[in-house]
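Residues take their numbers from the sequence shown, with the count starting at 1.
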Amino acid sequence: MLARREWTRFFRQRNRVTAAILQPLLFWLLFGTGLRGSFTGAGDQSFIEFFLPGTIGLIVLFTAIFATISVIEDRREGFMQSVLVAPVGRWPVLAGKVLGGAAIAWVQALFFLLLVYLFGAATITWSVIPLMLLLAIVAMGLCSLGMIVAWPMDSTQGFHAIMMLGLMPMWLLSGSFFPIPPWNDASVGQMILGGVMRANPLSYAMTEMRRLIYPNVDFAAAGFSPSSATCWSVTVISVVIVSLLAWYFVRGSRKVDVVV
């Protein structure tokens with residue numbers, strides 16, 4: 001019921017549909033076109049090709065922010081209090097919100113990918129199947145992370161500030177916008193930056209996503225390129241940990257039990 005409610009709310013708010021797709025699309029076209037002549041990636045990739053997985057990640061990120069902010073709105077409207085008094089426990093509430101938001105993000109990313117394949121920006125191969133699975137896992141992880149922030153908060157402004165302060169650097173430091181610098185012959189600043197980006201779980205999801213979109217490109221020559229097994233393991237383990245933390249906060253916090 002909660003997941004279906006997220007879908008109904010999403011399609012009634014058409015500005016969300018437009019913003020979640022058009023804003024990352026504009027970023028991809030503007031940055032990709034503007035930096036195309038000053039960037040060469042693995043396999044002679046242009047920046048518009050390199051930035052494509054990052055754009056998909058940005059779509060999922062924006063959708064996670066919009067989906068989880070509804071927790072604060074539901075609390076103000078009294079809907080969340082009605083849900084919490086139902087004899088279903090806290091886990092179904094968390095699952096409904098996360099699955100509803102993740103499904104919306106997954107469909108938006110799929111729609112963007114269809115446009116990419118339609119206009120020839122990438123070649124469709126068998127790898128699109130594991131790519132869809134990876135996007136679903138990342139979407140659930142980001143929505144769970146959003147629930148951790150949104151559940152104890154009562155201010156939409158504060159929620160946006162924290163999410164943009166935390167999730168946007170997380171996205172930027174995942175190899176989405178610029179490559180992860182190698183450690184050989186690197187300065188101290190580059191070594192620190194490279195270490196932070198390697199510690200970011202989203203970096204492994206973006207690396208595998210880039211490998212699945214461009215399966216014919218050898219990314220090992222470009223520096224940071226862990227194996228597919230490592231990328232999948234880090235991504236799945238991180239999503240499980242974030243989901244358990246979200247359940248801990250939802251189960252333990254009683255702030256939403258009262259009308260604020």
Side-chain angles (χ1 to χ4, degrees), residues 19-36 38-43 45-66 102 105-106 108-113 115-116 121-122 127-128 130-143 145-146 163-182 190 192-215 217 219-220 222-226 228 230-232 234-236 238-239 242:
I21 293 291
L22 288 186
Q23 187 171 3
L25 179 61
L26 286 175
F27 284 169
W28 180 51
L29 294 176
L30 290 175
F31 286 117
T33 304
L35 298 175
R36 189 169 188 171
S38 58
F39 178 89
T40 302
Q45 277 191 318
S46 64
F47 189 78
I48 199 169
E49 294 173 323
F50 175 84
F51 190 40
L52 176 58
T55 306
I56 299 173
L58 193 61
I59 292 174
V60 176
L61 175 66
F62 281 163
T63 306
I65 293 176
F66 288 133
W106 186 84
Q108 288 181 316
L110 177 60
F111 177 74
F112 180 78
L113 269 176
L115 294 178
V116 168
S127 61
V128 70
L131 176 60
M132 291 295 98
L133 177 60
L134 180 63
L135 285 173
I137 295 174
V138 172
M140 287 190 291
L142 289 177
C143 286
L145 187 60
M163 292 296 279
M164 297 305 290
L165 183 62
L167 284 187
M168 285 304 293
M170 181 180 178
W171 172 77
L172 286 171
L173 295 176
S174 65
S176 301
F177 194 74
F178 53 89
I180 298 177
Q190 287 180 323
I192 295 175
L193 179 63
V196 172
M197 296 178 75
R198 284 169 172 80
N200 182 3
L202 191 58
S203 300
Y204 298 84
M206 297 306 303
T207 299
E208 183 63 17
M209 194 182 303
R210 183 169 287 111
R211 184 184 288 122
L212 292 173
I213 295 176
Y214 303 108
V217 178
F219 292 101
F224 181 75
S225 182
S228 294
T230 301
C231 292
W232 280 95
V234 172
T235 302
V236 172
S238 301
V239 171
V242 171

Exercise for the section: Kindly indicate whether the side chain of P130, heavy atoms from C-beta on, has any atom under 4.5 Å from the side chain of W232. Expected result: yes
Practice task
Evaluate the side chain to side chain contact (heavy atoms under 4.5 Å, CB included) criterion for residues I59 and F111: first the C-alpha distance (whole Å), next the side-chain angles of each, then the deciding distance (0.1 Å), finally the verdict.
Solution key: CA-CA 11 Å; I59 292 174; F111 177 74; over 6 Å; no
Practice task
State, to 0.1 Å, how close T207 and P226 come at their nearest heavy-atom pair, and which atoms those are.
Solution key: CG2-CD, 4.0 Å
Handout entry: Closest contact, heavy atoms only, I56 versus A109
Key = CG2-CB, 4.0 Å
Exercise for the section: Take L173 and L202, measure what side chain to side chain contact (heavy atoms under 4.5 Å, CB included) needs, and give me the verdict at the end. Expected result: CA-CA 8 Å; L173 295 176; L202 191 58; over 6 Å; no
Fill in the blank from the handout: Residues G175 and I180: closest non-hydrogen pair is CA-CG1, 4.1 Å
Handout entry: Atom pair CG/CD of L110 and Q108 - distance to nearest 0.5 Å
Key = 11.0 Å
Exercise for the section: Taking all heavy atoms of M197 and all of P179, pick out the closest pair and write down the distance. Expected result: CE-O, 4.2 Å
Problem - Shortest non-hydrogen contact between S203 and S174, atoms and distance - result: OG-CA, 3.2 Å
Fill in the blank from the handout: Between the CE atom in M209 and the CG atom in L134, the distance rounded to the nearest 0.5 Å is 5.0 Å
Problem - Working for side chain to side chain contact (heavy atoms under 4.5 Å, CB included), residues I213 and E49 - result: CA-CA 10 Å; I213 295 176; E49 294 173 323; over 6 Å; no
Practice task
Just say parallel, tilted or perpendicular for the rings of F51 and F177, cut-offs at 30° and 60°.
Solution key: perpendicular
Practice task
State, to 0.1 Å, how close M132 and W106 come at their nearest heavy-atom pair, and which atoms those are.
Solution key: O-NE1, 2.9 Å
Handout entry: Pairwise side-chain contact, V138 with M206, heavy-atom cut-off 4.5 Å (strictly under)
Key = no
Handout entry: Donor-acceptor under 3.5 Å (S176 side chain, G54 main chain)
Key = no
Practice task
Check each of L142, V60, L58, N200 against W171 using the side-chain contact (heavy atoms from CB on, under 4.5 Å) test, and report the only one that passes.
Solution key: L58
Exercise for the section: Quick one: do L135 and L113 satisfy side chain to side chain contact (heavy atoms under 4.5 Å, CB included)? Show the steps, please. Expected result: CA-CA 11 Å; L135 285 173; L113 269 176; 4.0 Å; yes
